[in-house]
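In listed order, ligands and their atoms are each counted from 1.
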Amino acid sequence: MAYYGNFNPMVEKSGKNQHFIPEPYESVFLLSADFELAWAWRMLYKGEKGSVFMDQKATQARKNIPKILQLCERYSIPITWATVGHLFLEQCDGHDDIPRSDYYQNEYWSYDEGDWFDMDPRTNWKNALNWYAPDLIQQIRQSKVEHELGCHTFSHIDCREKYCPPETFRAELTASANAAREYQTEFRTFVHPAHTIGHLDILAEFGYSNFRSNYKNTLGFPKRCKNGLWELKNSYEIKNLNDRDPDFHIRRFIDIVKRSMKNRSVAVVWFHPSLESFIVDDVLPAFFQYLDNERDKIWICNHQQYIEWLNATEKDAI
Ligand SMILES: [Zn+2]
Ligand SMILES: [Zn+2]
């Protein structure tokens, strides 16, 4: 397996961007999870193959999440959980209030027949653990660590303007906000499914403060949009790089954090909770321990905590 060395992620020069890292830290480390169970994978394959794949992904995520939460507690690592809104529900009877997009096919979805919500089981969560997750959301909320619950749309749609009309996007945000209100949660962080960036003005209007983009892996700095939203550029995804050697992954992840300290930049790290067990069991503990040991040099916080600091700093500068 080729080692990515110093080329991935690319580093942005710190230069005049020094003010994005609070004193006395050398780096900011943000970790987020795209929490979706079966919702993300439903358009990937048709028929039986699709059902088996979705079930595997959702089952794996359900197995991993409690273990990840335990690790977060042991090493005090907060996560921003970018959550599909439907997972907050305890039950449902369909979603007629969300207008459907026209049929389309693209590199992520093949939505060419039926209804967007065809796979929604319309039942109680206990009967359909791949499509609802109030139990896991409670575990996240009850953790001693300051996790953040963010939004990943209500039903994992493509958010780009050419596929998603504004009324669909608004309805997805409204349904997500209503579902999260039951948990006294107001979303501030948004992650577009498959990084299909779109409708940023509507996000600002709904009170969001930041979103994560993924144009190329970057160790860089946040960028403020005209509408006030902050863009956080992805640095890397925690996943198996086809090399099951845990030490390889531990070395690589630690090396990237060291590079971000050297460059005085923000590390925006993300993962799918359905990742392979060996990453959770054999890679994350050592990686989290490294972060915990270095916390006097690295500010480890959730997205919204960092954005609040950014906004306060900017106000002071005016
Ligand atoms: Zn439903
Ligand atoms: Zn997703």
Side-chain angles (χ1 to χ4, degrees), residues 31-45 50 53-54 56-58 60-62 64-65 68 79-100 106-111 114-137 149-160 163-164 168-169 171-182 187 189-199 203 208 211-214 232 234 236-239 268-275 303:
L31 183 58
S32 55
D34 293 6
F35 177 19
E36 47 220 355
L37 296 187
W39 285 95
W41 318 100
R42 72 199 193 291
M43 295 292 176
L44 217 52
Y45 304 113
F53 186 69
M54 282 185 293
Q56 276 170 356
K57 285 286 190 187
Q60 181 70 10
R62 278 196 162 274
N64 284 341
I65 288 171
I68 293 169
I79 294 178
T80 293
W81 297 86
T83 307
V84 167
H86 196 279
L87 298 180
F88 284 81
L89 302 179
E90 292 197 358
Q91 60 205 12
C92 76
D93 186 23
H95 306 280
D96 293 340
D97 49 335
I98 300 180
R100 306 301 186 254
N106 61 31
E107 65 273 41
Y108 300 116
W109 282 272
S110 173
Y111 175 47
D115 184 279
W116 191 249
F117 285 93
D118 271 356
M119 288 183 185
D120 184 359
R122 300 166 191 230
T123 178
N124 181 282
W125 70 278
K126 289 186 179 158
N127 302 322
L129 293 174
N130 293 351
W131 302 93
Y132 308 80
D135 54 328
L136 294 175
I137 287 162
L149 286 161
C151 184
H152 198 39
T153 70
F154 184 73
S155 65
H156 211 273
I157 54 168
D158 190 316
C159 300
R160 288 171 292 183
Y163 297 114
C164 178
T168 301
F169 193 72
E172 286 260 332
L173 294 189
T174 302
S176 301
N178 290 342
R181 197 165 297 126
E182 302 287 318
F187 296 127
T189 296
F190 189 84
V191 176
H192 299 79
H195 302 104
T196 54
I197 310 292
H199 295 299
L203 283 181
Y208 284 87
F211 68 102
R212 214 183 62 202
S213 65
N214 191 36
L232 298 169
N234 267 342
Y236 63 95
E237 178 185 359
I238 294 179
K239 63 176 179 183
V268 181
V269 182
W270 69 289
F271 66 98
H272 284 111
S274 54
L275 42 63
H303 280 214

- prompt: Among the N, O or S atoms that Glu36 has, which is closest to the Zn ion (ligand 2)?
  reply: OE1
query: So, His86 side chain and Ser155 main chain: donor-acceptor pair closer than 3.5 Å or not?
result: no
query: Is the distance from the Zn ion (ligand 2) to some N, O or S atom of His152 under 2.8 Å?
result: yes
- prompt: Within 45 degrees of the axis of the six-membered ring of Trp116 and under 6.0 Å from its centre: does Arg42 put its NZ or CZ there?
  reply: yes
statement: When every non-hydrogen atom of Phe187 is compared with those of Ser176, the smallest separation belongs to CE1-O, 3.5 Å
- request: Answer yes if the ring centres of Phe169 and Phe190 are under 6.0 angstrom apart, and no otherwise.
  value: yes
task: Give a rough value, rounded to 10 degrees, for the angle at the Zn ion (ligand 1) between atoms SG of Cys92 and NE2 of His95.
output: 120°
- prompt: Considering only N, O or S atoms, which atom of His156 is nearest to the Zn ion (ligand 2)?
  reply: NE2
- prompt: Quick check: does Asp120 put an N/O/S atom under 2.8 Å from the Zn ion (ligand 1)?
  reply: yes
- request: Would you check if the side chain of Tyr132 reaches a backbone N or O of Thr123 as a donor-acceptor pair within less than 3.5 Å?
  value: yes
